[in-house]
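Here's the structure, in structure tokens; my notes come after.
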Amino acid sequence: MSRLSHSEIHMVRRIGWLRAAVLGANDGIVSTASLVVGVAAAGSARSAVLVAGLAGLVAGAMSMAAGEYVSVSSQADAEKADIARESRELRDTPDAELDELTHIYMERGLDRELARQVATQLTERDALVAHARDELGISEMVAANPAQAAIVSALTFAAGAVFPLIVALLAPASWITLAVAMTTLAALATLGGLGASAGGAGIIKGASRVTFWGALAMIATAAVGRIFGVAV
Ligand SMILES: [Zn+2]
């Protein structure tokens with residue numbers, strides 16, 4: 001169905017997966033580190049901190065998987081339905097569809113004659129691809145696999161979540177909060193920089209954005225831990 005070249009498809013997939021992997025790992029680190037910091041700040045024993053962190057890992061990974069599965073399948077369903085409707089319209093009312101495409105190119109700044117020419121040539125080449133891209137905004141037509149997306153999100157979340165857990169396991173008991181917070185910020189800065197450079201954006205900007213939100217999350221849970229740890 002797609003006219004994208006092989007290398008283009010790989011590019012699209014690679015950037016998509018890389019971005020998803022970085023986001024998943026990021027989520028895993030931030031939420032588990034915040035959980036660990038919150039529980040540790042309440043003065044809990046290491047075992048309680050680790051149980052909370054491990055439960056957070058499992059809960060987060062499952063919720064990422066479920067969310068990703070639902071979002072990818074509903075997006076795929078919607079795109080499939082759009083494409084099916086479009087190909088029905090192309091079969092039943094080809095003239096109206098050609099007019100429609102012409103208008104789309106006119107709205108983008110071509111004059112009527114040129115828009116007509118472009119629409120006609122693209123329709124001859126592959127009408128469905130032209131309508132999918134320029135009318136529906138579906139440029140990739142790469143069938144997303146919901147189960148695969150769910151597994152990737154869960155695994156990358158877990159991989160990120162393991163990191164603060166290991167630090168909580170190895171750090172001296174009275175230093176858990178500080179050790180987790182510091183190593184988490186360092187890991188987030190690295191991931192943020194990696195993600196930004198993969199996306200072609202500024203490394204410093206990407207790193208500081210992620211680090212800022214991570215720090216905010218840990219400050220919030222540390223405050224909760226302090227307040228309720230003392231009160232309860
Ligand atoms: Zn159309």
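In each ligand, atom 1 is the first atom listed, and ligand 1 is the first ligand listed.
Taking the Zn ion (ligand 1) as the apex, the angle formed with ND1 of His131 and OE1 of Glu100 is 100°, to the nearest 10 degrees.
Within a 6.0 Å sphere centred on CZ of Arg112, other residues, nucleotides and ligands contribute 12 heavy atoms or fewer. The local environment of CG in Leu216 is crowded, with over 12 non-hydrogen atoms from other residues, nucleotides or ligands closer than 6.0 Å.
Both Val167 and Val49 are assigned to one and the same hydrophobic cluster, defined by single-linkage of ILVMFWY side chains at heavy-atom distances under 4.5 Å.
At least one N, O or S atom of Glu86, from either the backbone or the side chain, sits less than 2.8 Å from the Zn ion (ligand 1).
Side-chain contact, Gln75 with Glu79: a donor N or O sits under 3.5 Å from an acceptor N or O.
Taking the N/O/S atoms of Glu97 in turn, the shortest distance to the Zn ion (ligand 1) belongs to OE1. Distances from the Zn ion (ligand 1) to each N, O or S atom of Glu135 single out OE1 as the nearest.
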